[in-house]
There are 2 protein chains.
Amino acid sequence: MTRDRMVTITDVAQHAGVAASTVSYVLSGKRTISATTRARVLASIRALGFHPHAGARSLASNKANVIALALPLRQGMHLPVLMQFATAVLTAARAVDHDVLLLTADEGAAGVRRIAGSAMVDGLILMDVETHDPRVPTLRELARPSVLIGLPAESDGLTCVDLDFAAAGAACVEHLVQLGHTELALLGAPQVVYDRDTGFARRTRDGVIAAAHAAGVTATARPCDSTYAAALAAVRALPHATGLIVHNEAVVDHVLTALRTMGRRVPEDVSVVAICPDEVAERATPELTSVPIPAGEVGGRAVELLMSKLAGEPVPPVTLLPPSLRLRSSTASIH
Amino acid sequence: MTRDRMVTITDVAQHAGVAASTVSYVLSGKRTISATTRARVLASIRALGFHPHAGARSLASNKANVIALALPLRQGMHLPVLMQFATAVLTAARAVDHDVLLLTADEGAAGVRRIAGSAMVDGLILMDVETHDPRVPTLRELARPSVLIGLPAESDGLTCVDLDFAAAGAACVEHLVQLGHTELALLGAPQVVYDRDTGFARRTRDGVIAAAHAAGVTATARPCDSTYAAALAAVRALPHATGLIVHNEAVVDHVLTALRTMGRRVPEDVSVVAICPDEVAERATPELTSVPIPAGEVGGRAVELLMSKLAGEPVPPVTLLPPSLRLRSSTASIH
DNA sequence: ACGCACAGTCGAAGCGCTTCAACAGTACGC
DNA sequence: GCGTACTGTTGAAGCGCTTCGACTGTGCGT
C-alpha cells in the first residue's frame with residue numbers, strides 16, 4: 001500500500017503556475033478564465049491525475065454532489081421493476097454529476113435523519129413510499145430536499161412522482177369495455193402489499209373499480225400471491241370474467257399458464273391486459289396488451305425534480321405520469 | 001426551506017461547557033474522558049440534534065466511512081441473487097458504521113478511478129467480476145483497498161471472495177455418482193454469460209467436468225437461456241442423462257416443467273440437483289437437492305475483508321467458501 | 001491623455017472536523 | 001514532601017477546497 005498523499009488543488013496550481021483559486025474557477029466555471037490559462041490548468045490536472053477531494057469540496061461549498069436513494073427490499077416487491085427504477089435514478093444522477101448513496105428501508109426514519117444530518121447527501125429520493133410512511137414526517141422536518149417515488153396519503157409540503165396508477169387501471173377498464181367486455185377482474189399484488197398499504201396497488205384497484213362503475217360493468221378485485229398455485233386459484237375463482245387486468249409482474253406468466261390449463265384461450269375466450277414492464281408483456285405468450293410501467297421516466301423525473309429543488313426552483317408537488325396503453329395480441333372483442 | 005446553519009461540534013462544546021476537541025474525543029473514544037463529562041456531552045449532542053459533518057470528518061481524518069459497491073446490472077444475471085449480495089454488503093457495512101455508494105458497472109474503470117480518487121470512499125467492493133475484468137488493472141494501481149466478489153484470472157495483489165463454484169460443481173457430481181448415475185449433464189448460465197467469461201459459470205463447468213472425469217462418468221455441459229423454450233430444448237437434447245445439474249436460477253422451474261411435459265419423473269427417472277439460492281430450491285416441485293449460494297456470507301465476508309484491509313491487517317488473497325450440499329427430494333439412486 | 005469598465009487572476013479566510021503537543025490536576029511510592 | 005505517572009482536558013494547527021474582495025492590466029469612449 002503506497003503511502004502517497006493525494007494530489008491536491010495546490011499541486012495542480014503549482015504545476016500550472018497559477019493560484020489555487022484559479023484552478024478552482026477553471027473547474028467550476030464560476031469566473032471567466034482565459035483560454036490559455038484554462039488549457040494549461042486542464043493539462044496539469046490530467047498530468048497529475050487530480051481528483052478534487054469530495055469531503056473538502058462538500059465542506060467548503062456545502063454541497064456533496066451525492067443523493068441518497070432509499071431502496072425498499074421488501075417482500076412482495078418485484079425486483080426487476082425496482083432495479084429499473086434504481087438504475088434510472090443512478091443514470092440520471094450520474095448525468096448531472098451526482099453519485100448515489102444507498103439506503104435501505106429498514107433503517108427507516110433514523111437512517112434518513114442520519115444521512116441528511118451529516119450533510120453526506122444534498123437530497124434524497126425515496127422509493128416505494130407507503131400510504132402512511134413513517135419516514136414522511138421526518139422528511140418534512142428535514143432541511144434537505146427530497147422526492148418521493150410513490151404517493152403518500154398526506155403529500156403537503158412534499159414532492160412526489162409516480163405513474164398515475166388510477167388512470168392506468170381506468171385505461172385498462174376502458175379498453176376492455178370498448179371491446180365489449182362487461183365482466184372484469186383485477187388480479188393485483190400479493191395481500192401483504194395491500195396490508196402495508198402501498199399506494200400503487202391501492203390506486204390501481206380504486207381506478208379500476210371507479211372506471212368500471214362509471215362504465216356500468218362489474219369488476220372484481222383480488223390480491224394474488226406470486227405463485228402458480230395462487231394464480232390458478234384466482235383464475236378458477238373468476239369463471240365468468242372475460243376481461244382480466246393483471247397488475248402483478250411476477251404472476252403474469254402463471255395466469256396465462258393457468259388459463260391455458262383450464263382450456264380458456266387468450267384472447268378468444270378471455271382478454272388479458274397487464275400493468276407491467278414492457279419486457280414482461282413482450283415475453284409472454286401471447287404478447288400482452290399492457291400499460292407499461294415507465295420506470296426510466298419516473299426515475300429520471302425524480303432526479304430532475306430533486307435537482308430543481310436543489311437549485312431553489314419551485315416544483316409541482318405531485319407529478320403523475322399519464323399511462324399509455326400498448327396494444328398487443330392478448331385482447332380482443334367479445335362475440 | 002429553513003436556512004438553518006448546521007449544528008456544529010463547537011455548538012455542542014459550548015452547550016456542554018467543554019472544548020470542541022473534548023466532544024470529538026467523546027465521539028471517537030480515542031482518549032479517556034471522565035464519565036461525567038461524557039454524559040454531559042452526550043446530553044448536549046442529543047439536545048441539539050448534532051450530526052457530525054461527513055465532509056469535514058473525511059477531510060480531517062482521511063476516512064469517509066463509506067464504501068463503494070460496484071453492482072453489475074447486466075444481461076443474464078439473476079437479480080434476486082444479486083440483490084441478496086447487495087443487501088448483505090449493505091447490512092454488513094452498516095453494522096460497522098459505513099455507508100454504501102452505488103456504482104454501476106457501465107461506468108467501468110473510469111468510475112472506479114473517479115470514486116477512489118475523490119476520497120469519497122475508503123474502499124470498494126466489486127461484484128460479478130469477470131475473468132478478464134477491465135477494472136482489475138485499475139484496481140491494482142489504486143491507493144484504496146478493494147475486495148472482489150468473484151475470481152478474475154490474475155488475482156495477484158487482489159483480495160477475492162466467492163463460493164467455491166468448482167467444488168460446488170464437483171459436489172453435485174459426487175452426489176449423483178454416489179447414487180449410481182453415470183450420465184450427467186450440466187445446464188448452465190445463458191451463453192452470454194460464458195461469452196463474457198464470467199468466472200462463476202466457468203468454474204462450475206470446469207468443476208463438473210473434472211469431477212466427472214475423475215469418477216469415470218460422462219458429463220455434458222450446455223449453456224441455457226432463461227426461457228422455457230431454451231430449457232425444453234436443452235432437456236430434449238439430453239435424453240440419456242439421468243443426473244441433471246442446473247446452475248441457472250431462472251431456469252430451474254422451466255427445467256422441471258419441461259421434464260414433466262416429457263413424462264420424465266423427478267427423481268424416479270431423472271435426478272436433479274441445483275446450484276441456486278435456497279428459496280428457489282425450496283419453492284420448486286419437488287423440492288430440489290441443491291448447493292445453496294451463500295450470498296449473505298459472501299457479502300458479509302467481503303465487508304469483513306475490506307475492513308481488515310482498511311485497518312492495515314493482512315488478509316488472504318483468495319477466500320473460497322466451501323459448498324454444502326443440501327439433500328431434498330429431487331435426487332434418488334438409479335435402479 | 002484620462003478615467004472607466006471589465007476580463008483575468010490572486011491571496012486569504014473559513015467550512016467543521018481530528019489530532020497533536022501541552023498542560024493542570026490527582027494519586028502514589030519513596 | 002518531591003518526583004513520577006497517570007488521567008482528563010484544552011487550544012491550535014491543518015485537512016483541501018470554495019469564494020469573496022481586491023488587484024492588475026487592457027481596450028474603449030471622450
Side-chain angles (χ1 to χ4, degrees), chain A residues 3-42 44-45 48-66 97 116-122 143, chain B residues 3-42 44-45 48-66 97 116-122 143:
Chain A
R3 253 283 119 272
D4 40 15
R5 212 176 45 78
M6 273 196 74
V7 178
T8 76
I9 202 173
T10 317
D11 298 336
V12 174
Q14 239 153 33
H15 186 271
V18 298
S21 47
T22 303
V23 177
S24 178
Y25 286 125
V26 166
L27 253 20
S28 69
K30 294 196 178 171
R31 230 123 144 142
T32 45
I33 299 286
S34 71
T36 60
T37 308
R38 186 206 314 296
R40 204 141 37 85
V41 168
L42 289 177
S44 297
I45 287 177
L48 302 181
F50 167 73
H51 287 272
H53 187 291
R57 175 175 279 201
S58 105
L59 180 56
S61 70
N62 203 25
K63 37 197 347 295
N65 274 36
V66 177
D97 194 33
S118 69
M120 193 173 265
V121 303
D122 302 320
Chain B
R3 252 287 118 270
D4 40 16
R5 211 175 45 79
M6 273 197 74
V7 177
T8 75
I9 203 173
T10 316
D11 298 336
V12 174
Q14 238 152 33
H15 186 273
V18 297
S21 47
T22 304
V23 177
S24 177
Y25 286 125
V26 166
L27 252 21
S28 69
K30 295 197 177 172
R31 230 121 151 135
T32 46
I33 299 285
S34 70
T36 61
T37 307
R38 186 205 315 296
R40 204 143 35 85
V41 168
L42 290 176
S44 298
I45 287 177
L48 301 181
F50 167 74
H51 286 273
H53 187 292
R57 176 174 277 202
S58 103
L59 179 55
S61 70
N62 204 24
K63 40 201 336 299
N65 273 36
V66 178
D97 193 34
S118 69
M120 193 172 264
V121 302
D122 302 320

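Worth knowing before you read on, the calculation uses all heavy atoms, side chains too, and leaves out hydrogens, waters and symmetry mates. Proteins get letters first, then strands, A, B, ... in listed order; numbering begins at 1 in each.
With rounding to the nearest 0.5 angstrom, the CD1 atom of I9(B) is 12.0 Å from the CG atom of L48(B). Between R38(B) atom CZ and I45(B) atom CD1 the span is 11.0 Å, to the nearest 0.5 Å. Atom-to-atom distance recorded for R57(B):CZ and S58(A):OG is 12.5 Å, nearest 0.5 angstrom. Atom-to-atom distance recorded for T22(A):OG1 and R31(A):CZ is 10.0 Å, nearest 0.5 angstrom.
Following rounding to the nearest Å, Q14(B) (CD) and dG11(D) (P) show an atom-to-atom distance of 12 Å. Rounded to a whole Å, the CD1 atom of I9(B) is 15 Å from the P atom of dT9(D).
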- Item | Test log, rule side chain to side chain contact (heavy atoms under 4.5 Å, CB included), inputs F50(B) and L27(B) | CA-CA 11 Å; F50(B) 167 74; L27(B) 252 21; 3.7 Å; yes
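Closest-nucleotide positions on DNA chain C for S34(A) and F50(B) were compared, and the one nearer the 5' end corresponds to S34(A). For the pair L59(B) and Y25(B), nearest-nucleotide mapping onto DNA chain D gives the more 5' position to Y25(B).
Across all strands shown, A56(B) has heavy atoms under 4.0 Å from base atoms, whether or not it also approaches the sugar-phosphate. As judged by a 4.0 angstrom heavy-atom cut-off over every strand, T37(A) is placed among residues touching the sugar-phosphate backbone only. Within the 4.0 angstrom heavy-atom criterion, base atoms lie near S24(A). Within 4.0 Å (heavy atoms only), S61(A) reaches sugar-phosphate atoms of the nucleic acid but no base atom.
From the 5' end on, the contacts that DNA chain C makes with chain B at under 4.0 Å to a non-hydrogen atom open and close at dG16(C) to dA22(C).
Distances were taken from every side-chain heavy atom of R31(A) (C-beta onward) to each of dA22(D), dT10(D), dT18(D); the shortest belongs to dA22(D).
At distances below 3.5 Å, at least one donor-acceptor pair connects side-chain atoms of N65(B) with backbone N or O atoms of D97(B). A donor-acceptor pair under 3.5 Å links the side-chain atoms of S44(A) to the main chain of R40(A), judged by distance alone.
At the phosphate of dT18(D), OP1 or OP2 sits under 4.0 Å from a side-chain N or O atom of R57(A).
Judged by distance alone with a 3.5 Å cut-off, no donor-acceptor contact links the side chain of T32(B) to the base of dG8(D).
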